[in-house]
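Below you'll find the structure, written out as structure tokens, and then a few comments.
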Amino acid sequence: MNTPPRVPSKYAVGVDFGTESGRAVLVDVSTGRELASSVHPYANGVIDETLPGTTIALEPDWALQDPNDYLEVFKTTIPAVLAEWRNTPHAWVKL
């Protein structure tokens, strides 16, 4: 019996930046199944009292984020999901 050739699966990494942390997930594109995930809490959290390194008070209801926190999410979560679940490079879909 002839079996059809196996079509290689394709995978994608999604990154989400929340209020207090960022996360990455690895999913199988054909099924939507989550294969791996990682969360990285922001070092600076929500900046809502003073500008970092100063005594300058923020206005009421202001909330800032440190852009370096976002970079650290990329640096830590993507390698973590790849370490949790490995696959060949040709299977990746660029988004």
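Put simply, the side chain of Tyr42 gets close to the backbone of Ser21: a donor and an acceptor are under 3.5 Å apart.
Remark: His40 NE2 to Thr76 OG1 distance equals 4.5 Å, nearest 0.5 Å. In this structure, the separation between NZ on Lys75 and CG on Asn68 is 7.5 Å, given to the nearest 0.5 Å. Distance CG/Asp61 to CG/Asp48: 10.0 Å, rounded to 0.5 Å. Between Ile47 atom CD1 and Gln65 atom CD the span is 7.0 Å, to the nearest 0.5 Å.
Nearest heavy atoms, Val25 versus Ser37: CG1-CB, 3.9 Å. Here the closest non-hydrogen pair linking Val46 and Ala63 is CG1-CB, 3.7 Å.
When hydrophobic clusters are built by joining Ile, Leu, Val, Met, Phe, Trp and Tyr residues whose side-chain heavy atoms come closer than 4.5 Å, directly or via intermediates, Val81 is not grouped with Val27. Transitive grouping of hydrophobic side chains (ILVMFWY, heavy atoms separated by less than 4.5 Å) brings Val13 and Trp85 into a common cluster. Hydrophobic cluster membership differs between Leu71 and Val73, with clusters built from Ile, Leu, Val, Met, Phe, Trp and Tyr side chains linked at under 4.5 angstrom. Under the 4.5 Å side-chain contact rule for hydrophobic residues, Tyr11 and Leu82 share a cluster. In this structure, Tyr70 is not a member of the same hydrophobic cluster as Val39, with clusters built from ILVMFWY side-chain heavy atoms closer than 4.5 Å.
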Exercise for review: Go through Leu35 and Asp28 one step at a time and tell me if the side-chain contact (heavy atoms from CB on, under 4.5 Å) criterion holds.
Suggested key: CA-CA 7 Å; Leu35 304 171; Asp28 181 319; 4.2 Å; yes

Exercise for review: Just do the side-chain contact (heavy atoms from CB on, under 4.5 Å) check on Ile56 and Thr50 with the steps written out, would you?
Suggested key: CA-CA 5 Å; Ile56 300 171; Thr50 61; 5.8 Å; no

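Ring geometry for Phe74 versus Phe17: interplanar angle over 60°, hence perpendicular rather than tilted (30 to 60°).
Under a 4.0 Å N-O distance rule, the pair Arg23/Asp16 qualifies as a salt bridge.
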